[in-house]
Every structure is written in C-alpha cells, then in structure tokens.
Peer 1: 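First the structure, then my questions, so here it is.
Here, residue 1 is the first one in the sequence, and each next residue gets the next number.
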Amino acid sequence: MSLADTANTGTSFQNVPIIDLKNVRSPDVQERKKLADEIRDACVNVGFFYVKNHGVSEALTDGALQMAKEFFDLPTEKKMEVMASFVPMSWSMHLYRSLLLMQILNLKSPNFKGYSPLRSGNNDPAGDGDLQEGFEFGWEEPNPGGTATQGNADGVMAGANVWPTDIPGFRETVLKYYYAAVDLGKALFPIFALALNLPEDFFEDKTQHSAALMKLLHYPPQTGPIDGRVIGIVGRFACFTILWQEPGIQALQVLNSEKQWINAPPISGTLVINLGDQFARWTNDIFKSTVHRAINRSGVRRYSIPLFFGTDYAVKLEPIPSCVSPDTPPKYEVVTAGEYIKSRLRATYNH
C-alpha cells in the first residue's frame, strides 16, 4: 500500500514532537528504520519536529548568536553596505532620500545573499512587511589557506557571499555553525528517504550541490494588535529548515488544521526541523509544509538562525511514486527546484 493511501490528512496536532537522533548514523539499518518511522509520523501529521542528540555543539550556536548580535547592532549604513540585491528600490527610496545614502545602494551582492532590512520582504500578502531583518549566506568551500571558494557555480543563488568587514571573526564564526548544520541536513536525507519507502540513497544524486542557505534573523519586540493574519511568517521554500531559536523567548507558532496557533518554544539542547514546499510538492502533500509564524511579544530583541536546505537547482520536483495513487493524482506542475525557489523569492521580495 502506498503512502498516498495511508497518510493522515488531518493536522489538528496540539504539540510538536521531539525526536531523538542518536541513531541517525547507526550502522544498524533497523535502528535507522525505527527513526524513519518516527520522522514519517511527524512529517505526515505535523510538518514540524524538534531533534535532540543532533551533534551540533552549543559552542557553535553561541558563537553564531554573538556574531548576529554584533552585526545587527551596526549602524544602518554599515549594514546597507552588504545589502542583498533583491531589496526593492521603492523601499530604499522611501527610507533613504539623500544622495549620500543612495550611493550606498551600489550593491555588492548580485543575488539574494546579504543584508535584508526590516520589512523589506513580505511572506504574507495581507501584511505590510515581515517584522524581521536578516543576513543571508550560502556554501563556501574552505581551503587550507583559510579563505574559501564558492561551491555550486550555477543556480538561482549563484554568486559569492558578501561579508561585513567591521566585525572581527564574523565570517569564520558563522561558517563553523553553518558547516555543522549542513552536515546534519545531509544526515537527514537518507532518513527521509526511508520514511518515504525509498532506497536510502534516493536523494544522494539530487543533493550534490544543495541549496543550503543560512540566515541570521533579528526580530525587534512586536507591539500592537495581532489578528488572524500570518505576521512575520517564515519562508518555506526549501525541502526542510533546520532552525536554532534563542533560548527563553517564545515566538514560533505553527498553524494546525483547526486554525489554531500552536506554540513551538525553544527547548534546551534541541533544534527545530520543519518541512518546506519542495518536500510538499515532491510528496504530493503527504509530507506537510505547515504554515508558521514568529511573533516576538517578549519585550526584548530576539534572534534565530534557520538553515534552508534544498536540493540541487536542476532537480525536477516530480511526485514520488509512493505518494500518488488513482485516488490521489499529482497536484502540482513539475518544475525544477531552482525555478520554484526563484519564483517564491521574487514574490516575497517583489523583485
């Protein structure tokens, strides 16, 4: 029987499960299959799960957090020096009218990497901009000389990263956490394959140059009324996201099928995994890409660090055979991962 015939279409969950990854690299295939069963259940019914024993050290996340705080504390004109090219000119003109600051818009990044100011993106059509500012970067291949070369040379996110020059050790520190998170993401793909009744190596040839983009995020304290709109929604364009949340600050919420917002607070020693639209399209919505948002009512500044993990840009998002049946035919037009990501980023940033 296919997954299409057995999947639970209801997602009226009341909490986000916690899954132990101690056997993610176990030599015992039966242990890996048990883990895959747990992950399948979370993917089908929630689209979110916490992971513990994930192998990413707290020292790495602490270092990345410190760099995020120092970057977002920089004067606006310094952050604008590494502004991503997607930021709409209308936003820039509205905020910066002097000739001097307009000269800063000689952007260093020819792609979506770099700094994104507060409200420069809009994931919710009913909103007036995302209540966050960010700094995004992707893969660099380290070499013995201590510098780095760019990995994948093509695709929608092609082009070198841009780095601030005013914070000593910024690039090296955030890349250490980035590499650890990418390593975790690569370990998860074989488990996802097992969860889909596929060979463990199914995704191997589709993730040779994965779109692995990390974003440092800063959420200022949010005031004013909150209605049913999705305020500060988080992007869902990849296969899955590996999310670190700042401890002690509740902000992340996940929407269940009863239209209830379920809190997903930071839990010590865990990371959050949430599925994205690529997996939803690939699995014909058997794996859920669940709507979620971040609302910072803490009264203090909040930081988080997501890694958006996708496939190679040229991979076609065709429905997996186990996820379709005569009663559940394919729902989506087949596109490449790169085409899909580019279309969603352009819609988000009006670019």
Side-chain angles (χ1 to χ4, degrees), residues 11-18 42 45-51 61 64-65 68-69 71-73 79 87 91 115-136 213-238 240-268 270-277 280 288-308 344-345 347-350:
T11 55
S12 57
F13 56 88
Q14 293 299 311
N15 54 67
V16 177
I18 302 173
N45 295 302
V46 184
F48 267 75
F49 54 97
Y50 294 93
V51 292
T61 56
L65 171 62
K69 289 181 175 181
F71 175 76
F72 293 117
D73 278 345
K79 291 183 285 190
V87 176
W91 181 94
Y115 174 60
S116 52
L118 191 69
R119 296 186 184 272
S120 60
N122 190 7
N123 278 285
D124 176 20
D128 59 355
D130 296 339
L131 299 174
Q132 63 185 35
E133 59 177 334
F135 178 84
E136 192 156 12
L213 298 169
M214 181 168 279
K215 194 165 190 176
L216 310 180
L217 287 172
H218 167 228
Y219 295 83
Q222 183 177 332
T223 59
I226 297 176
D227 54 25
R229 294 180 295 117
V230 182
I231 305 172
I233 189 172
V234 184
R236 299 180 290 146
F237 312 147
F240 58 89
T241 300
I242 300 173
L243 174 68
W244 176 86
Q245 303 186 79
E246 185 175 9
I249 302 177
Q250 164 59 42
L252 180 62
Q253 296 180 315
V254 186
L255 190 67
N256 70 14
S257 61
E258 302 299 319
K259 304 303 179 184
Q260 299 171 320
W261 288 106
I262 306 301
N263 287 342
I267 297 176
S268 179
T270 70
L271 298 167
V272 174
I273 309 295
N274 68 273
L275 303 190
D277 291 351
K288 301 297 188 293
S289 177
T290 307
V291 172
H292 51 288
R293 67 184 183 182
I295 295 181
N296 181 17
R297 289 296 209 180
S298 65
V300 297
R301 300 164 71 182
R302 173 187 179 259
Y303 302 86
S304 69
I305 308 175
L307 173 73
F308 306 107
R344 297 306 306 142
L345 286 171
T348 298
Y349 296 108
N350 191 29

Peer 1: Hey, what's the ring geometry for Tyr115 with Phe72, parallel, tilted or perpendicular (30° and 60° as the breaks)?
Peer 2: tilted
Peer 1: Does any N or O in the side chain of Ser257 come within less than 3.5 Å of the main-chain N or O of Ser12, such that one atom is a donor and the other an acceptor?
Peer 2: yes
Peer 1: Short question: side chain of Asn256, backbone of Phe13 - any donor-acceptor pair under 3.5 Å?
Peer 2: yes
Peer 1: Say you draw a straight line from CG of Leu271 to CH2 of Trp244; how long is it, rounded to the nearest 0.5 Å?
Peer 2: 10.0 Å
Peer 1: Please name the pair of heavy atoms, one in Pro306 and one in Thr241, separated by the smallest distance, quoted to 0.1 Å.
Peer 2: CB-CG2, 3.7 Å
Peer 1: Looking at Leu217, is its backbone amide N or carbonyl O close enough to the side chain of Ser304 to form a donor-acceptor pair, meaning the two atoms are under 3.5 Å apart?
Peer 2: no
Peer 1: Less than 4.5 Å apart, side chain to side chain, heavy atoms only: is that true for Leu216 and Tyr303?
Peer 2: no
Peer 1: Do Leu243 and Leu252 pass the side-chain contact (heavy atoms from CB on, under 4.5 Å) test, and can you show the C-alpha distance, the side-chain angles, and the key distance before you say yes or no?
Peer 2: CA-CA 10 Å; Leu243 174 68; Leu252 180 62; 3.8 Å; yes
Peer 1: A side-chain contact here means heavy atoms from C-beta on lying under 4.5 Å apart; do Gln14 and Ile262 qualify?
Peer 2: yes
Peer 1: Would you say that Ile273 contacts Ile242 through its side chain, given a criterion of any heavy-atom pair below 4.5 Å between the two side chains?
Peer 2: yes
Peer 1: Measure the spacing between CD of Gln253 and CZ of Arg293 and express it to the nearest 0.5 Å.
Peer 2: 4.5 Å
Peer 1: Applying ring-ring contact (aromatic ring centres under 6.0 Å, His included), can you list everything that pairs with Phe49, at least two apart in sequence or on another chain?
Peer 2: none
Peer 1: Measuring from atom OH of Tyr219 to atom CD of Glu246, what distance do you get when rounded to the nearest 0.5 angstrom?
Peer 2: 12.0 Å
Peer 1: Find the distance between CZ (Phe240) and OG (Ser289) and round it off to the nearest 0.5 Å.
Peer 2: 13.0 Å
Peer 1: Can you find a pair of side-chain heavy atoms, one from Arg301 and one from Lys69, that are under 4.5 Å apart?
Peer 2: no
Peer 1: As an exercise, state the distance from CZ of Arg302 to CZ of Arg297, rounded to the nearest 0.5 Å.
Peer 2: 14.0 Å
Peer 1: Roughly how far apart are Thr270 OG1 and Ile18 CD1, rounded to 0.5 Å?
Peer 2: 6.5 Å
Peer 1: Less than 4.5 Å apart, side chain to side chain, heavy atoms only: is that true for Asn15 and Tyr50?
Peer 2: no
Peer 1: Show your working on side-chain contact (heavy atoms from CB on, under 4.5 Å) between Val300 and Ile249 and close with a plain yes or no.
Peer 2: CA-CA 9 Å; Val300 297; Ile249 302 177; 3.8 Å; yes
Peer 1: With a 3.5 Å distance limit and no angle check, can you tell me whether Gln245 reaches the backbone of Ala264 through a side-chain donor-acceptor pair?
Peer 2: yes
Peer 1: Check whether any side-chain heavy atom of Ile305 sits under 4.5 Å from a side-chain heavy atom of Thr61, and report yes or no.
Peer 2: no
Peer 1: Which pair of heavy atoms, one from Val46 and one from Pro17, lies closest together, and at what distance?
Peer 2: CG2-CD, 4.1 Å
